[in-house]
There are 2 protein chains.
Amino acid sequence: MARRHIQARERLLEAARDVVRAKGFSATSIDDLCRSAGVTKGAFFHHFRSKEDLGVEAARFWAETTSELFANAPYHQPADPFDRLIAYLEFRKLLLAGEVPEFTCLVGTMVQETYDSAPAIRQACDATITGHAMTLVPDIQAAMAACGVTGTTAESLALHTQAVLQGAFIMAKARGSAEIAADTIDHLIRYIRLLFNTPTPEEIRQ
Amino acid sequence: MARRHIQARERLLEAARDVVRAKGFSATSIDDLCRSAGVTKGAFFHHFRSKEDLGVEAARFWAETTSELFANAPYHQPADPFDRLIAYLEFRKLLLAGEVPEFTCLVGTMVQETYDSAPAIRQACDATITGHAMTLVPDIQAAMAACGVTGTTAESLALHTQAVLQGAFIMAKARGSAEIAADTIDHLIRYIRLLFNTPTPEEIRQ
DNA sequence: AATTACATACCAACCGGTCGGTATGTTTGG
DNA sequence: CCAAACATACCGACCGGTTGGTATGTAATT
């Protein structure tokens, strides 16, 4: 039965992605994951040494799948790096669809519960977030050079975009709605337009 | 023994504030809280119907104590509402002292774990965050009128500041350092200066 | 034949919550 | 003024269920 080959591991990682985003890492039991993945505990401990190990692997799995999503996304099409940066943020707004657990960030959720008690998970989450932020740096750097923006660095601005997105997710969870998240991304877009001195007049001011 | 009078409830709320910020809500057991507060389980269930009830009360306790802190803070001194807004954000940067669990937000931590499973906690956290944001609205509104800022609302901008702060805390947890949080607040300050068209030239650009 | 990929059965520790009880006020009726 | 009646604040043993994790067995793949 080649169909079952290595299937349990991936099904467990997908279950972790879905269940942890809804219930959080600590509140998600190994039995929850096995039930959701349709496998047994034996399968779980065949593929993962511990729950903490699953957390690390889930963060890596998240990094893999999302980086694939972003690599194939249409926001790379614009010729101008600044336009690509704006297109990226508009794309992040487009992703705010469905229920809250469906569009929020797995690693942002996990790191908040584990940063003090599970260093390996913290590190994996940090690598995932920072790694994604760094994919934005070349475009930001080029746009900064083109527009003559100084006073900050491309790395700092890239990390700031991720901070705003993480904050947007928390607000969406508190409000129980994606609206506030889109609104806060709009503020981020407005900031970047102002910083690069290319505001769209009708949507900024006066 | 009047010394022990009514003390247990407050000690448990303080323990919740400290332990939950470090370990998260789900990972914090009632026994953890009792141990940290130096009381017994009997005392816990005398004052709180359930763990969820404690979560709600902890959010309210957080709202009370922090609103007292902010009410007495020096950022209200500037005569100009815009300057007060900037002073508020500088004050938030000053609060980023000590270890990560000491400066992060209790309700931001709690709501991420409970928004789907404990509606009462979600609501209490939302009320706390939104309530604090609304204290900023009068100054933002006055500053917007004075500077002629349009294209957004004072409420939206106030909520955005809280989103950025929450995101800053997540990044600090991921990185294990407050530095990134201060950096992202600086971006927020830069945004607000640009939006209100009163940049400090040397710290913005050119 | 050996390794991989699971399934089943089980365990000790821990979980949130209950319950009978005690010590210390506070109210009230004579 | 005092004592019975009641309320509040707290104690800690205990309960059934769940937890992360293990030990052992078995079927499929190589």
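So that the names make sense, note that chain A is the first sequence line, chain B the second, and so on, each numbered from 1.
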**Item:** Set of residues satisfying side-chain contact (heavy atoms from CB on, under 4.5 Å) with respect to A/A37, sequence neighbours excluded
**Value:** A/R11, A/L12, A/A15, A/V39

**Item:** Contact under 4.0 Å: B/H46 side-chain N or O vs D/dA9 OP1/OP2
**Value:** yes

Enumerate, atom names and distances included, each donor-acceptor pair closer than 3.5 Å involving a side-chain atom of residues 158-170 of chain A, sequence neighbours excluded.
{"unit_1": "A/H160", "atom_1": "ND1", "unit_2": "B/T184", "atom_2": "OG1", "d": "2.5"}
{"unit_1": "A/T161", "atom_1": "OG1", "unit_2": "A/A158", "atom_2": "O", "d": "2.5"}
{"unit_1": "A/Q162", "atom_1": "NE2", "unit_2": "A/Y88", "atom_2": "OH", "d": "3.1"}

**Asked** Whole-Å distance between D/dT18 C1' and A/L33 CG?
**Response** 14 Å

**Complete:** To the nearest angstrom, the CG-P distance between A/L54 and D/dT19 comes to 15 Å

**Message:** On the nucleotide C/dC6, are OP1 or OP2 found under 4.0 Å from the side-chain N or O atoms that A/H47 carries?
**Reply:** yes

**Message:** Using the side chain to side chain donor-acceptor pair (under 3.5 Å) criterion, which residues pair with A/D116? Sequence neighbours excluded.
**Reply:** none

**Asked** Do the charged groups of A/R9 and A/E57 touch, with an N to O distance under 4.0 Å?
**Response** yes

**Asked** Separation of A/E10 atom CD from C/dA5 atom P, in whole Å?
**Response** 14 Å

**Prompt:** What pairs with B/S29 under side chain to side chain donor-acceptor pair (under 3.5 Å), at least two apart in sequence or on another chain?
**Reply:** B/D32

Expected rows: protein N/O vs nucleotides 12-16 of chain C N/O, under 3.5 Å:
{"unit_1": "C/dG16", "atom_1": "OP1", "unit_2": "B/K51", "atom_2": "NZ", "d": "3.2"}
{"unit_1": "C/dG16", "atom_1": "OP2", "unit_2": "B/I30", "atom_2": "N", "d": "2.9"}
{"unit_1": "C/dG16", "atom_1": "N7", "unit_2": "B/K41", "atom_2": "NZ", "d": "2.9"}

**Request:** Using whole Å, report how far CZ of B/R9 lies from C1' of D/dC10.
**Result:** 15 Å

**Asked** Among all residues two or more places apart in sequence or in another chain, which pass the side-chain contact (heavy atoms from CB on, under 4.5 Å) test with A/E14?
**Response** A/E10, A/R17, A/F61

